[in-house]
Amino acid sequence: MIAKEYADHLEVKDIRDFELDHIFDCGQCFRWEKNEDGSYTGIAFGKIVTMKYDKETETLKLFGSHKSDFDSVWYDYLDLGRDYGDIKKILADKDDVMRQAVEYGQGIRILNQEKWETLISFIISQNNNIPRIKKCINSLAETLGTKAGEYKGRAYYKLPTPEVLAEASQADLAPCRLGYRAKYLVATAGRIVEEGLESLEVLGGEEICGREALDALLCYCGVGPKVANCIALFSMKKFDSFPIDVWVRKVMNQCYGIDENDMNGMKEYAAEKFGEYGGIAQQYLFYYITHKKK
DNA sequence: GCCCAGGAGAAGG
DNA sequence: CCTTCTCATGGG
């Protein structure tokens, strides 16, 4: 897959099973905003970019980015090397619920996000709603992070490093309105400073199985089963992860008849039925239950 | 004004 | 092991 370089943008052709609305609005990321023309602007790995996808020509355009950024960051970030058509076929054949969910969120891709960002983002996400999670994260970046650059007159900020966050006082964090989660962040940042960011990086390796990654993640303050599964899925390529939040509980109850309080039952059902693609199935279900009109 | 949100930690059984 | 309570904030 090759990105062609034009005067003011890049173009990548032959991209299928792809829809920016599905990718950026399925609850896996919090730092992308939709523009009036349907494009999205955001920041990841310290790079600001605007993406626009045209379904007719199966072409993705990237503005404000260099070809080297596509090769080193965006190709992997968007998981462009994976054939979601194959995975969707496998999942859709499981039952009519999945068939509908896959059709509904046909353009979903599991992003390969930064581990540190995903760790703190999902600590913030607990018992919180998505619009407010976005506000908290942006506020954290603007308050304690560093400026990455500007795009169309707007400034974009990187999230604070573990070192900065570990040294932050509660007064420093007060403007971010994180609530009781603020102390979880500082505690986890402190541990990351002790261990080094490599302690997170190694968990993304292929030789580390999903269960191992979860066990390691559960040791961080503010990281429980649901948050650990999100981090493993959205930043470590552990596609057998199956995050269970209130929405997944709803859809598993309504569509598969599992008791709303039986988390173990849901986990086992997903492992048995969706196996290595449990996390991807979960994202189709999440998008379906949170977007379909009643 | 009220219910709830991509829950986790702590305490108690 | 499992259940219940508490936590801070504001979106809808």
Side-chain angles (χ1 to χ4, degrees), chain A residues 21-33 101 104-105 108-111 113 115 117-140 143 168-191 214-236 238-239 241-255 258-268 270 278-294:
Chain A
D21 287 336
H22 298 170
I23 294 168
F24 292 137
D25 195 25
C26 68
Q28 62 177 327
C29 55
F30 305 103
R31 303 211 68 194
W32 295 88
E33 282 178 21
Y104 203 79
I108 289 175
R109 279 169 180 271
I110 308 295
L111 296 173
Q113 302 180 72
K115 297 170 186 65
E117 172 181 333
T118 311
L119 173 61
I120 58 180
S121 294
F122 279 92
I123 288 176
I124 291 170
S125 80
Q126 65 175 79
N127 201 26
N128 209 342
N129 57 64
I130 291 178
R132 211 175 82 82
I133 296 166
K134 290 181 177 178
K135 280 189 176 177
C136 288
I137 293 172
N138 278 323
S139 173
L140 183 62
T143 306
S169 69
Q170 291 301 308
D172 295 332
L173 287 164
C176 305
R177 314 302 289 161
L178 301 171
Y180 63 93
R181 307 166 192 89
K183 54 183 179 294
Y184 296 166
L185 281 189
V186 174
T188 287
R191 270 205 49 185
L214 290 182
D215 286 341
L217 289 167
L218 286 169
C219 296
Y220 293 100
C221 182
V223 178
K226 189 268 172 183
V227 169
N229 274 276
C230 284
I231 299 165
L233 178 58
F234 302 138
S235 71
M236 295 174 178
K238 309 305 183 197
F239 293 102
S241 302
F242 194 78
I244 302 174
D245 72 334
V246 294
W247 296 104
V248 176
R249 284 168 65 180
K250 273 179 206 167
V251 74
M252 293 295 279
N253 175 254
Q254 289 173 17
C255 299
I258 303 175
D259 188 292
E260 278 221 46
N261 297 313
D262 186 9
M263 318 289 259
N264 278 322
M266 294 180 188
K267 194 175 73 176
E268 287 167 19
I280 303 178
Q282 188 269 10
Q283 279 308 98
Y284 291 123
L285 291 172
F286 181 89
Y287 188 81
Y288 182 64
I289 192 70
T290 55
H291 286 78
K292 83 179 163 81
K293 47 235 173 270
K294 301 165 280 296

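All values below come from the heavy atoms of this structure, side chains included, with hydrogens, waters and symmetry mates left out. Quick note on labels: first sequence line is chain A, next is B, and so on, each numbered from 1. None of these values were measured; they are calculated from a predicted model.
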Inset, instruction - Starting from P on B:dG7, measure out to CD on A:Glu260 and report it in whole angstrom. - result: 13 Å
Inset, instruction - Please report, rounded to the nearest Å, how far the C1' atom of B:dA8 is from the CG atom of A:Leu119. - result: 14 Å
Output side-chain donor-acceptor pairs under 3.5 Å for residues 170-181 of chain A, partner residues at least two apart or in another chain, one line each.
residue, atom, partner, partner atom, Å
A:Asp172, OD1, A:Ser169, OG, 3.4
A:Asp172, OD2, A:Ser169, N, 2.9
A:Asp172, OD2, A:Ser169, OG, 3.1
A:Tyr180, OH, A:Gln126, NE2, 3.4
A:Arg181, NE, A:Ile124, O, 3.3
A:Arg181, NE, A:Gln126, O, 2.9
A:Arg181, NH1, A:Leu178, O, 2.9
A:Arg181, NH2, A:Gln126, O, 3.2
A:Arg181, NH2, A:Asn127, O, 3.0

Legend entry - Separation of C:dG11 P from A:Trp247 CH2 (nearest whole Å): 17 Å
Inset, instruction - Could you measure between the two P atoms, the one in C:dG12 and the one in B:dG7, and give it in whole Å? - result: 15 Å
Legend entry - Span that lies between the P atom of C:dA8 and that of B:dA11, in whole angstrom: 15 Å
Inset, instruction - Output all residues satisfying side-chain hydrogen bond (donor to acceptor under 3.5 Å, both in side chains) with A:Asn261, sequence neighbours left out; order by chain, then residue number. - result: A:Arg249
Legend entry - Proximity to DNA chain C (any heavy atom under 4.0 Å), residues of residues 124-134 of chain A only: A:Asn127, A:Asn129, A:Pro131, A:Arg132
Inset, instruction - Identify whether any heavy atom of A:Phe234 sits under 4.0 Å from a base atom; if not, whether one sits that close to sugar-phosphate; answer base, sugar-phosphate or nothing. - result: base
Legend entry - Nearest-angstrom distance from the residue atom CG of A:Leu178 to P of C:dG11: 14 Å
Legend entry - Rounded interatomic separation in angstrom, taking NZ from A:Lys250 and P from B:dG7: 10 Å
Legend entry - From B:dA5, B:dG7, C:dA8, nucleotide with atom closest to A:Arg181 side chain: C:dA8
Legend entry - A:Leu218 CG to B:dG9 P, straight-line distance once rounded to whole Å: 8 Å
Legend entry - Main-chain N/O of A:Phe242 paired to A:Asn229 side chain as donor or acceptor, under 3.5 Å: yes
Inset, instruction - Would you classify A:Cys26 as touching base, sugar-phosphate or nothing, given that sugar-phosphate means primed atoms plus P, OP1 and OP2, and contacts are heavy atoms under 4.0 Å? - result: base
Inset, instruction - Would you mind reading off the distance between A:Lys135 atom NZ and C:dT9 atom C1', rounded to a whole angstrom? - result: 11 Å
Legend entry - Nucleotide nearest A:Arg177 when distance is taken to its side chain, options C:dG10, B:dA8, B:dA5: C:dG10
Legend entry - Separation of atom CG in A:Asp245 from atom C1' in B:dC4, rounded to whole Å: 13 Å
Legend entry - side chain to side chain contact (heavy atoms under 4.5 Å, CB included), paired with A:Leu119, selected from A:Leu185, A:Val227, A:Thr188: A:Thr188
